[in-house]
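Just so you know, ligand 1 is whichever comes first in the structure, and atom 1 is the first atom listed for that ligand. Note that the structure is predicted; figures quoted are calculated from it, not measured.
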Amino acid sequence: MAIDLRSDTVTKPSQGMRDAIASAAVGDDVYGDDPTVNSLEERVAAMFGMEAGLFSPTGSLANQLLIRTLVKPGEELLTDVRAHIVRAELGAGAAFSGITTRTWDSDGGLLNADAPLAMAHENAGPYLVSTTAIAVENTHNFGGGTVQPIGEISRLSTAARERGIAMHLDGARIWNAHVASGTPFAEFGKHFDTISVCLSKGLGAPVGSISLSSKARIAEARIWRKRYGAGMRQIGLLAAAGHYALDHNIERLAEDHARAKKMALALAAHDASLIDPTKVETNIVGLELSKSGISAADFAARCRENGLWISALGKSYASLVAHLDFDDAQCDEAIAIMLKVLN
Ligand SMILES: Cc1ncc(COP(=O)(O)O)c(C=O)c1O
């Protein structure tokens, strides 16, 4: 069996999760009648100290439903140059909501509040585009699972809000940030107007994200979710998987972080130009192959021939993502395969 480290989305629901799905109480969610989805939305909102939550099938939809409540057509959202919102949602903010974006560069996705604050131009008048929101990704996927320092988030949020600029958090992997940093979920909630979280990444649910915000914004997002065709019916089946994921799979993320660190240390010991293992804080290992004489595509292809699936995300950038279907023995095997390919 191949070892699949392309993403933490490749996990299969455990038997316990399947049992929870099978016994879920359900109702028609378009009528607001599904008790399991209602309790999941309330539960996640309470965890983050937000007023309300909304279930959506994907993290992309959760992000898009939220940012359109903050940014009107023709206005601007600022975000990191490698953020999922600008790199991997296929221009949805522009295509559906008329949102323009500008990006700031960073070292591995690590937030430096000065970058967006210097670029932001609120109330720009009739000539320039007005900045109305800033999006932060935590952890930062294409940055290599980077945990954003809460002090920097707070500095950015305070300064942005003083200038009337709203704050959005793409928290697809906020669970990993919480486990790695110890920052309470409610602390994240204080600094953002809108938050998206995913249950289908490290937490192992087959589907499901929650949009979080004020009651008014979530009511607006609910209308747009239906307008986009994602009003769903007996989704308590999916929400039950989400409850199970929150009950069982948050604290164990530390195991994924330890395996990612082990892979990073082994690769750096072989070739220090590949990765700085001190920067691997969560479950993602981003490899820079430019000095190793092999392209990311060739490295991924050679690993695949040897039974290890990884992602080539740029000409010389590859990523490996540890997850709950990846154990210690597979970790040792993955390291051995990569060292063999690199030798
Ligand atoms: C940081 C981040 N945000 C959002 C998403 C979107 O999630 P989905 O694939 O469920 O649309 C992803 C997906 O991997 C992600 O990594």
Inset, instruction - Check whether any side-chain heavy atom of Ser106 sits under 4.5 Å from a side-chain heavy atom of Asn112, and report yes or no. - result: no
Give every pair made of an N or O atom of ligand 1 and a protein N or O atom lying under 3.5 Å apart, one pair per line with both atom names and the distance to 0.1 Å, or write 'none'.
unit_1	atom_1	unit_2	atom_2	d
ligand 1	3 (N)	Asp170	OD1	3.1
ligand 1	3 (N)	Asp170	OD2	2.7
ligand 1	7 (O)	Lys201	NZ	3.0
ligand 1	10 (O)	Gly59	N	2.9
ligand 1	10 (O)	Lys201	NZ	3.1
ligand 1	11 (O)	Gly59	N	3.4
ligand 1	11 (O)	Ser60	N	2.9
ligand 1	11 (O)	Ser60	OG	2.6
ligand 1	16 (O)	Asn141	ND2	2.8
ligand 1	16 (O)	Arg173	NH1	2.7

Legend entry - The single option from Asn138, Asp8, Thr282 passing side chain to side chain contact (heavy atoms under 4.5 Å, CB included) against Arg173: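 Per the side chain to side chain contact (heavy atoms under 4.5 Å, CB included) rule, the option paired with Arg173 is Asp8, out of Asn138, Asp8, Thr282.
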Legend entry - Residues Arg43 and Asp247 bridged, charged N to O under 4.0 Å: yes
Legend entry - Side-chain ion pair, Lys262 and Asp328, N-O less than 4.0 Å: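 No, this pair does not count.
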Legend entry - Ring center gap for Phe96 and Tyr228 short of 6.0 angstrom: yes
Legend entry - Set of side chain to side chain donor-acceptor pair (under 3.5 Å) partners for Gln148, sequence neighbours left out: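 Expected list: none.
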